[in-house]
Colleague: 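Could you have a look at this structure, given as structure tokens, before my questions?
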Amino acid sequence: MNPTLPTLLVIVFVALCHDSRAAVIARIEENGDGVSAFYSGSISLVGLQVSSPDPLPSSGYQNVQADSGRFGIGGSASFLRYRGLQGPQTIGSASPKYIPTSVTGDFTGIWGTIGHIWVPVNYSSSSPISGTSSWSGRSLASLGLSVGEYTWTWGSGASSDSFTLQVVPEPSPAILFGFGIFGLVSRRRRATPKPAHTTAGNAPV
């Protein structure tokens, strides 16, 4: 399933307003074809402990188990589990476990009830990471997801980090277009040099 216009506009807006090397921001939303999920940012492994040194295949964890706060986004082949997260233990209710119809990028995810975060094997702490998943013909309700914002945190002081998941119904294209234009204008204004200083009767100096 290809990204819809609303999804692409959200991606543009997030890219403009967030540094790619920031705490992870993930979004799961309904669209005209089903449900799309994407995330970007970075993950600091400082303050986390490896739950097991044995990699697991991401293909078995790409579905959603909302009643246990579990979801995976992206498509890299295998991952490691780290423990030490604090945050919501549920993001909805029990539902059938639907495998995504398409995935791209790096795999990451959260298991809220046991405080786990998943990262690709050989992931380098705090390096940029991103990925997408989509469920054709599904809805947030069929995945058991409850609309809202959920944040997990770990570490402390300078090494603190977070992972925020936004679960939203299908956004308004008009609103998203406005967000995208606002981000582009703001970025252009920051990049536009100030005019040269002038004095009466003199050329710019």
Side-chain angles (χ1 to χ4, degrees), residues 1-43 58 61-76 79 85 87-88 90-93 95 98-112 117-120 128-153 161-184 186-187:
M1 180 173 63
N2 294 324
T4 62
L5 176 59
T7 297
L8 291 173
L9 288 172
V10 169
I11 293 172
V12 170
F13 178 63
V14 170
L16 288 170
C17 298
H18 294 277
D19 190 313
S20 63
R21 300 184 183 185
V24 172
I25 303 293
R27 188 179 179 97
I28 302 179
E29 65 179 28
E30 286 188 7
N31 55 52
D33 298 321
V35 173
S36 296
F38 53 90
Y39 78 92
S40 66
S42 68
I43 299 170
S58 64
Y61 294 83
Q62 291 169 340
N63 54 27
V64 173
Q65 293 183 17
D67 58 329
S68 62
R70 203 194 90 171
F71 64 93
I73 303 174
S76 48
F79 68 95
L85 271 64
T90 179
I91 54 176
S93 57
S95 67
Y98 297 112
I99 299 296
T101 50
S102 67
V103 293
T104 67
D106 305 306
F107 178 80
T108 192
I110 298 286
W111 195 336
I117 186 169
W118 306 329
V119 300
I129 186 172
S130 62
T132 72
S133 295
S134 60
W135 291 263
S136 180
R138 302 300 176 191
S139 65
L140 296 180
S142 68
L143 297 178
L145 290 163
S146 295
V147 171
E149 183 169 291
Y150 309 88
T151 299
W152 295 265
T153 61
D161 207 349
S162 65
F163 189 119
T164 298
L165 171 67
Q166 301 166 344
V167 180
V168 297
E170 184 170 7
S172 164
I175 291 176
L176 292 177
F177 181 74
F179 280 162
I181 292 298
F182 175 79
L184 288 170
S186 297
R187 186 169 184 172

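By convention here, the first residue in the shown sequence is residue 1. Computed from heavy atoms alone, side chains included, the values below leave out hydrogens, waters and symmetry copies.
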Colleague: Nearest 0.5 Å, please: how far is CD1 in Ile43 from OG1 in Thr108?
Modeller: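 If we round to the nearest 0.5 Å, Thr108:OG1 and Ile43:CD1 are 3.5 Å apart.
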Colleague: Atom CD1 in Ile99, atom OG in Ser133: separation rounded to 0.5 Å?
Modeller: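 Taking CD1 in Ile99 and OG in Ser133, the distance rounds to 10.0 Å.
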Colleague: Report yes if some heavy atom in the side chain of Leu140 is under 4.5 Å from a heavy atom in the side chain of Val167; otherwise report no.
Modeller: yes
Colleague: Please name the pair of heavy atoms, one in Pro120 and one in Ser76, separated by the smallest distance, quoted to 0.1 Å.
Modeller: CG-OG, 3.7 Å
Colleague: Measure across Ser42 and Asp161 and return the closest heavy-atom pair with its distance rounded to 0.1 Å.
Modeller: O-OD2, 3.8 Å
Colleague: Assess whether side chain to side chain donor-acceptor pair (under 3.5 Å) is satisfied between Thr153 and Ser162, documenting all intermediate values.
Modeller: CA-CA 4 Å; Thr153 61; Ser162 65; over 6 Å; no
Colleague: Ring centres under 6.0 Å, that's the criterion: do Tyr61 and Phe107 meet it?
Modeller: no
Colleague: Ring centres under 6.0 Å, that's the criterion: do Trp135 and Tyr98 meet it?
Modeller: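 No - the distance between ring centres of Trp135 and Tyr98 does not fall below the 6.0 Å cut-off.
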Colleague: Would you compute the distance between atom CZ of Phe71 and atom CG of Asn63 and round it to the nearest 0.5 angstrom?
Modeller: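 Phe71 CZ to Asn63 CG: 12.5 Å, rounded to 0.5 Å.
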Colleague: Taking all atoms of both residues into account, what is the closest heavy-atom pair of Thr164 and Glu149, and its distance?
Modeller: CG2-CG, 3.6 Å
Colleague: Using modelled atom types and a 3.5 Å cut-off, is there a donor and acceptor pairing between side-chain atoms of Thr104 and backbone atoms of Gly74?
Modeller: no
Colleague: If I compare all heavy atoms of Ala66 with all of Thr90, which pair ends up nearest, and what's the gap?
Modeller: O-OG1, 3.0 Å
Colleague: Would you name the heavy atoms of Tyr39 and Val24 that are closest together and state the gap between them?
Modeller: CD1-CG1, 3.9 Å
Colleague: Going through the checks in order, is the side-chain contact (heavy atoms from CB on, under 4.5 Å) test met by Trp111 and Ser68?
Modeller: CA-CA 7 Å; Trp111 195 336; Ser68 62; 3.7 Å; yes
Colleague: For Gly112 and Trp152, which heavy atoms make the closest approach, and how far apart are they?
Modeller: CA-NE1, 4.0 Å
Colleague: Could you give the distance from OG (Ser102) to CD (Gln62), rounded to the nearest 0.5 Å?
Modeller: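 Answer rounded to 0.5 Å: 10.0 Å.
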Colleague: Distance check, rounded to the nearest 0.5 Å: Ile73 atom CD1 versus Asp106 atom CG?
Modeller: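 The CD1 atom of Ile73 sits 12.0 Å away from the CG atom of Asp106.
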Colleague: For Ser40, does its backbone N or O pair with a side-chain atom of Ser130 as donor and acceptor, under 3.5 Å?
Modeller: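 No; judged by distance alone, with no hydrogens or angles, the pair does not exist.
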Colleague: Within the distance-only criterion (no hydrogens, no angle test), does the side chain of Ser136 pair as donor or acceptor with the backbone N or O of Gly34 below 3.5 angstrom?
Modeller: no
Colleague: Using 30° and 60° as the class boundaries, would you call the ring planes of Trp118 and Phe79 parallel, tilted or perpendicular?
Modeller: tilted
Colleague: When you compare the side chain of Val64 with that of Ser95, does any pair of heavy atoms fall below 4.5 Å?
Modeller: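 SC-SC contact between Ser95 and Val64 ruled out.
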Colleague: With rounding to the nearest 0.5 Å, note down the distance linking CZ in Arg70 to CD1 in Ile110.
Modeller: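 Reported to 0.5 Å precision, the distance equals 12.0 Å.
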